[in-house]
2 protein chains.
Amino acid sequence: MLVAMTTSISVPSLRRLPLYLRLLETWRAEGRTQVSCTHLADDLGFDSTQVRKDLAAAGATGRPKIGYDLQELRDVLRRFLGWDNPGEAFLVGAGPLGQALVAYEGFAARGLAIVAVFDPAPAPGAMVGGKPVLPLTKLKDLAGRMHVRLGILAVPADQALATGQLMAGAGLQGIWNFAPLRLDLGAQVVVEQVDLAQSLAVLSHRLASLSNPSDPPKSPEPP
Amino acid sequence: MLVAMTTSISVPSLRRLPLYLRLLETWRAEGRTQVSCTHLADDLGFDSTQVRKDLAAAGATGRPKIGYDLQELRDVLRRFLGWDNPGEAFLVGAGPLGQALVAYEGFAARGLAIVAVFDPAPAPGAMVGGKPVLPLTKLKDLAGRMHVRLGILAVPADQALATGQLMAGAGLQGIWNFAPLRLDLGAQVVVEQVDLAQSLAVLSHRLASLSNPSDPPKSPEPP
DNA sequence: GCCGTTTCGATATTCTTTTATCGGTATAAA
DNA sequence: TTTATACCGATAAAAGAATATCGAAACGGC
Ligand SMILES: NC(=O)c1ccc[n+]([C@@H]2O[C@H](COP(=O)([O-])OP(=O)(O)OC[C@H]3O[C@@H](n4cnc5c(N)ncnc54)[C@H](O)[C@@H]3O)[C@@H](O)[C@H]2O)c1
Ligand SMILES: NC(=O)c1ccc[n+]([C@@H]2O[C@H](COP(=O)([O-])OP(=O)(O)OC[C@H]3O[C@@H](n4cnc5c(N)ncnc54)[C@H](O)[C@@H]3O)[C@@H](O)[C@H]2O)c1
């Protein structure tokens, strides 16, 4: 067992870990066995010290001159994120977004397996991504029997709160919420919000200030 | 014309603006005409000072005791983000995710209109979300004639760089990239990354440290 | 075996972001 | 009018994160 961490990792650091992991997978496929913070930082445009801090926060340890063992670093990061063993998840909401999520094969590498799809009143025999669509009424029973902890919420915004409460009541401990709505389900349930509007806001504003350069976001003009 | 800002808004602030805007739209539908930072902060779990700063950075101005005029605040925020007039965008990649994005009606309220869909070799007459799917070869010509500035990139990761370069070459100034890959298209093109893995990492780690509480993320125990 | 180079790990500094505090203003009730 | 209250705006302090600096360790070449 690993020694307990004294300090918690910051959210910005946490969000960078998948970027490192992705690069590691690429390099592993190319046959490399060693990596250094410098390489990771160069490739991602970060500072090498920052990368080293992030990796250290995740529990990775390297050796001077050598760097990190690629395989070991990958395993440490995956274990730290809980991506080493497949976590089973329920998808609630079989709309276009839900269908895209079920079809996405990238989740497998992130320790996520969608094991059931729910919708309020599915047509009998309805399938999404090769999986049958089950009525919401079966959610609680199945969650209990399958010991599923994670739910993906992809229902219309006006249904999201009620559906989220239903999922929490069914015993799901984490909810990945794609509805554009802040969910408060109490301290027992971990809610992570996916908000495209936030990302779009950054892009829109940069684009707007590009054509209307009253507010230069970053002017790299050497003096 | 507004007076030029001396200081740029921070990305965290920028990302919070859509949350305010969403709440404002809700309250506007309920008939409210005035809002205060306190209300916004309470509803979102933020600090009221932080909200006030964000709104000020966006150019909004309120009045003591009164708060902000809801309609005016909404307009200021939308104008600041460039969401007041519909920006036209091309969608490249008509896979499941692309189809979900085309079908999404929430973009209209964020000043985004997908006006054309592209794929490498669409079947003749192929339609997605009521729009014809055009071959990639037509992208450059159409982008020039329609003066489209924004592209949404939803192609497989191994195609993303080449496709992104194609889009940049066609004159698109902003690219909203959904492929799990860091795109570097030079300083001319604004690239905003949508990375579900980053969001999932936060959720996974919180969920993992929930069942293995060696690293309590936040322990709100009053002394 | 010695030396230069590379890279980790730790510490320190700077920058950014968040939170707290205070003063002033407008409204409504007394 | 006076007074209480709610709120904005500005300034200051604190916390947090990014960047810079330094020492130590290990490998390869001489
Ligand atoms: N489609 C996108 O690209 C996109 C982008 C960003 C955010 N979102 C958000 O994701 C959510 C889903 O998007 P969508 O386009 O698939 O929406 P949608 O409205 O087209 O489909 C929602 C699905 O949920 C089902 N549903 C309705 N009520 C339900 C309930 N109470 N419990 C379970 N299922 C229920 C519906 O039957 C439907 O199949 C929405 O909140 C949307 O705002 C979507
Ligand atoms: N589906 C999801 O839920 C999801 C989630 C996160 C990220 N993503 C990412 O979004 C992207 C698209 O996802 P998807 O599930 O729709 O992928 P997909 O592979 O199923 O579909 C991609 C589409 O792009 C088209 N395409 C292929 N090469 C192209 C090219 N050179 N130019 C233009 N179009 C091309 C294909 O014909 C196909 O229609 C992928 O990079 C994926 O990793 C998807």
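Proteins get letters first, then strands, A, B, ... in listed order; numbering begins at 1 in each.
- Among the atoms of the strands shown, only primed sugar atoms or phosphate atoms (P, OP1, OP2) are found under 4.0 Å from some heavy atom of A:Arg63.
- Residue A:Phe46 holds its CZ atom at 10.0 Å from CG of A:Leu40, rounded to the nearest 0.5 Å.
- A straight line from CG of A:Asp54 to P of D:dA18 spans 7 Å, rounded to a whole angstrom.
- Across all strands shown, A:Thr49 has heavy atoms under 4.0 Å from base atoms, whether or not it also approaches the sugar-phosphate.
- Whole-Å rounding puts the B:Arg52 CZ to D:dA12 P distance at 17 Å.
- Atom P of nucleotide C:dT6 and atom NE2 of A:His39 are separated by 10 Å, given to the nearest angstrom.
- For A:Tyr68, a side-chain nitrogen or oxygen approaches OP1 or OP2 of C:dG9 to under 4.0 Å.
- Atom CD of A:Gln188 is surrounded by 12 or fewer heavy atoms from other residues, nucleotides or ligands within 6.0 Å.
- Look at A:Thr61 and you'll find a side-chain N or O under 4.0 angstrom from OP1 or OP2 of C:dG9.
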Next on the checklist: For a side chain to side chain contact (heavy atoms under 4.5 Å, CB included) check, start with the C-alpha distance between B:Tyr20 and B:Val35, then their side-chain angles and the critical distance, and finish with the verdict.
Outcome noted: CA-CA 11 Å; B:Tyr20 306 142; B:Val35 288; over 6 Å; no
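- One can place CD of A:Gln34 at 12 Å from C1' of C:dT7, the figure rounded to the nearest angstrom.
- Counting to the nearest Å, the C1' atom of C:dT19 and the NZ atom of B:Lys53 are 9 Å from each other.
- Using a 4.0 Å cut-off, some side-chain N or O of A:Arg16 falls inside it from OP1 or OP2 of D:dA18.
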